[in-house]
**Q** 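My questions all concern the structure below.
It should be emphasised that the depicted structure is a prediction, and the values quoted were computed from it without experimental measurement.
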Amino acid sequence: MKKRNYLYLLAILLFFLPIGMSVQAETVDSPIYDYAGLLTTDEVAQLKLQSSKLSEESETAFIIITADGTDGKDIVQYVQEFYDNHASEFEQFHGNAAILAIDMMERDIYLAGFKKAEDYLTDSRLDVIRNEITPDLSEGRYFAAFSGFINQAVHYMETKETAVIPPAEEQQNESGQTSSSEYENESAYEQTSETKNLFFEWWFQLIVSVALGGAVVGTMMLGSGGKVTVSSQTYNNQKTSAVLDKYDRFVRKTVTKQKKPSSNNKSSGGGGFTSGGHSHSGSRGKF
């Protein structure tokens, strides 16, 4: 009797085991959403393997989206809605995601970083990545562009952007005094500054001499002439002088041209917020 009960229990476990496995498989979706059909089956498999491996290392999901039209939505809005609708798929990475989306109909490209990726993949870094992969997209090398995006994104995920490091402070020895080499450098600097003093340069002395000579000669010329007593009214007779005729003469026509400013498709974009309240970095352009 007990043996029969064990068999029943084992049969029930075996029945529910495949269901549990199928549910688990459905919760982990592919990071490649090739809606436009640009990749082969092997390329999708390679990108999925590459993305999955590097996602575990950086704790960030790397998502590729290709679309043949976005139902009239802007590419930025399309990516934002995609993130909100698929947020549950990024829970294992705490919402950290780096997304590359292209629209074949409008030839738009948009890169975005969410959560941790927003801190590491800043707008400027995404601009660099986009400029690197755009030539491949323009030439139809989609697999190379997508693979390059993942590799470069992982590279930038290793370090944050930092400010310029200030010069190192003056080094001191154990006694708290500067080394003799530093004093030697200072004395050498003083000697160099003395020997290269501006007043000892021959060309500077020549310029000063010419300037002083010109000032002296100009002063003498101004003082050599007498007082001028003749003006424009000296020979003008107000009673007999009058304007006899006047006319306008066309001399020349000047035309200036100014280039009309055009929108720059090579660098634009920036981050924003999704309708679900998630902030992100971003970079958009054409390919």
**Q** Give a yes or no on whether a salt bridge exists between Arg284 and Asp74, defined as a side-chain N under 4.0 angstrom from a carboxylate O.
**A**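 Judged by the 4.0 Å cut-off on N to carboxylate O distance, Arg284 and Asp74 do form a salt bridge.
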**Q** Excluding sequence neighbours, so at least two apart, what forms salt bridge (Lys or Arg N to Asp or Glu O under 4.0 Å) with Arg141?
**A**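 Arg141: salt bridge (Lys or Arg N to Asp or Glu O under 4.0 Å) contacts with Asp136.
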**Q** Return the minimal non-hydrogen interatomic distance between His280 and Tyr110, and the atom names on each side.
**A**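 Taking His280 first and Tyr110 second, the nearest heavy atoms are CE1-OH, 3.0 Å.
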**Q** Run the side chain to side chain contact (heavy atoms under 4.5 Å, CB included) test on Tyr33 and Ile64 for me, step by step, so that the C-alpha distance in whole Å, both residues' side-chain angles and the decisive distance to 0.1 Å come before the verdict.
**A** CA-CA 6 Å; Tyr33 298 85; Ile64 306 295; over 6 Å; no
**Q** Looking at every non-hydrogen atom in both residues, tell me the closest pair between Ala98 and Leu121 and how far apart they are.
**A**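 The pair with the smallest heavy-atom distance is CB-CD1, 3.6 Å.
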**Q** Identify the two heavy atoms, one from Lys115 and one from Gly95, that lie closest to each other, and give their separation to 0.1 Å.
**A**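 In this case the closest contact between Lys115 and Gly95 is CG-O, 3.3 Å.
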**Q** Under 3.5 Å, side chain of Ser55 to main-chain N/O of Thr60, donor-acceptor pair present?
**A**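 Looks like yes, one N/O pair under 3.5 Å.
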**Q** Output the distance between atom CG (Leu100) and atom CD1 (Ile109), rounded to the nearest 0.5 Å.
**A**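 The CG atom of Leu100 sits 5.0 Å away from the CD1 atom of Ile109.
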**Q** Would Ile133 and Gln152 count as a side chain to side chain contact (heavy atoms under 4.5 Å, CB included) if you check the C-alpha gap in whole Å, the side-chain angles of each, and the deciding distance to 0.1 Å?
**A** CA-CA 10 Å; Ile133 66 176; Gln152 293 191 51; 4.2 Å; yes
**Q** Nearest 0.5 Å, please: how far is CD in Glu81 from OG in Ser275?
**A**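 If we round to the nearest 0.5 Å, Ser275:OG and Glu81:CD are 6.0 Å apart.
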**Q** Just to verify, which of Thr70, Ile102, Ile75, Val76 counts as forming a side-chain contact (heavy atoms from CB on, under 4.5 Å) with Asp108?
**A**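 For Asp108, the side-chain contact (heavy atoms from CB on, under 4.5 Å) check succeeds only for Ile75.
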**Q** How many angstroms lie between CG in Leu111 and CG in Asp127, if you round to the nearest 0.5 Å?
**A**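 Reported value, rounded in 0.5 Å steps: 9.0 Å.
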**Q** Hey, what do you get for CG (Asn85) to CD (Gln80), rounding to the nearest 0.5 Å?
**A**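 The CD atom of Gln80 is 11.5 Å from CG of Asn85, to the nearest 0.5 Å.
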**Q** Hey, could you give me the NZ/OH distance between Lys73 and Tyr78, rounded to the nearest 0.5 Å?
**A**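 Interatomic distance, Lys73 NZ to Tyr78 OH, rounded to 0.5 Å: 8.0 Å.
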**Q** Do you know the tightest heavy-atom contact between Val79 and Ala112?
**A**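 Result for this residue pair: CG1-CB, 4.2 Å.
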**Q** Run the side chain to side chain contact (heavy atoms under 4.5 Å, CB included) test against Gln50 and tell me which residues pass, sequence neighbours left out.
**A**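 Only Leu47, Leu54, Ser147, Ile150, Asn151 meet the side chain to side chain contact (heavy atoms under 4.5 Å, CB included) criterion with Gln50.
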**Q** Is it the case that the side chain of Asn96 and the backbone of Glu59 share a donor-acceptor pair, with hydrogens and angles ignored and the cut-off at 3.5 Å?
**A**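 Checked: pair present.
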**Q** Considering only NZ, NE, NH1 and NH2 on the basic side and carboxylate oxygens on the acidic side, decide whether Asp119 and Lys116 come within less than 4.0 Å.
**A**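 Not counted as a salt bridge, because no side-chain N and carboxylate O are separated by less than 4.0 Å.
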**Q** Lys286 side chain to Glu106 main-chain N or O, any donor-acceptor pair under 3.5 Å?
**A**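 Yes: the side chain of Lys286 pairs with the backbone of Glu106.
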**Q** For Gly271, is there any backbone N or O sitting under 3.5 Å from a side-chain donor or acceptor partner on Ser281?
**A**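 A pair under 3.5 Å: no.
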**Q** Among Phe82, Phe114, Tyr83, find the one that has a ring-ring contact (aromatic ring centres under 6.0 Å, His included) with His278.
**A**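 Between His278 and the candidates, ring-ring contact (aromatic ring centres under 6.0 Å, His included) is satisfied uniquely by Tyr83.
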**Q** Check the pair Thr66, Phe146 against side chain to side chain contact (heavy atoms under 4.5 Å, CB included), reporting the backbone distance first and the verdict last.
**A** CA-CA 10 Å; Thr66 69; Phe146 300 154; 3.6 Å; yes
**Q** Quick check: do Met104 and Tyr142 have side-chain heavy atoms less than 4.5 Å from each other?
**A**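 Contact flag for Met104/Tyr142 side chains = yes.
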**Q** What is the minimum heavy-atom distance between Leu126 and Ser283, and which atoms define it?
**A**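 The answer is CB-CB, 3.6 Å.
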**Q** So does Met105 get a backbone contact from the side chain of Asp103, meaning a donor-acceptor N/O pair under 3.5 Å?
**A**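 Answer holds: yes.
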**Q** Just do the side chain to side chain contact (heavy atoms under 4.5 Å, CB included) check on Val128 and Tyr156 with the steps written out, would you?
**A** CA-CA 11 Å; Val128 173; Tyr156 284 121; 3.5 Å; yes
**Q** Determine the minimum heavy-atom distance between Ser51 and Phe62, stating which atoms define it.
**A**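 That closest heavy-atom pairing would be OG-O, 2.9 Å.
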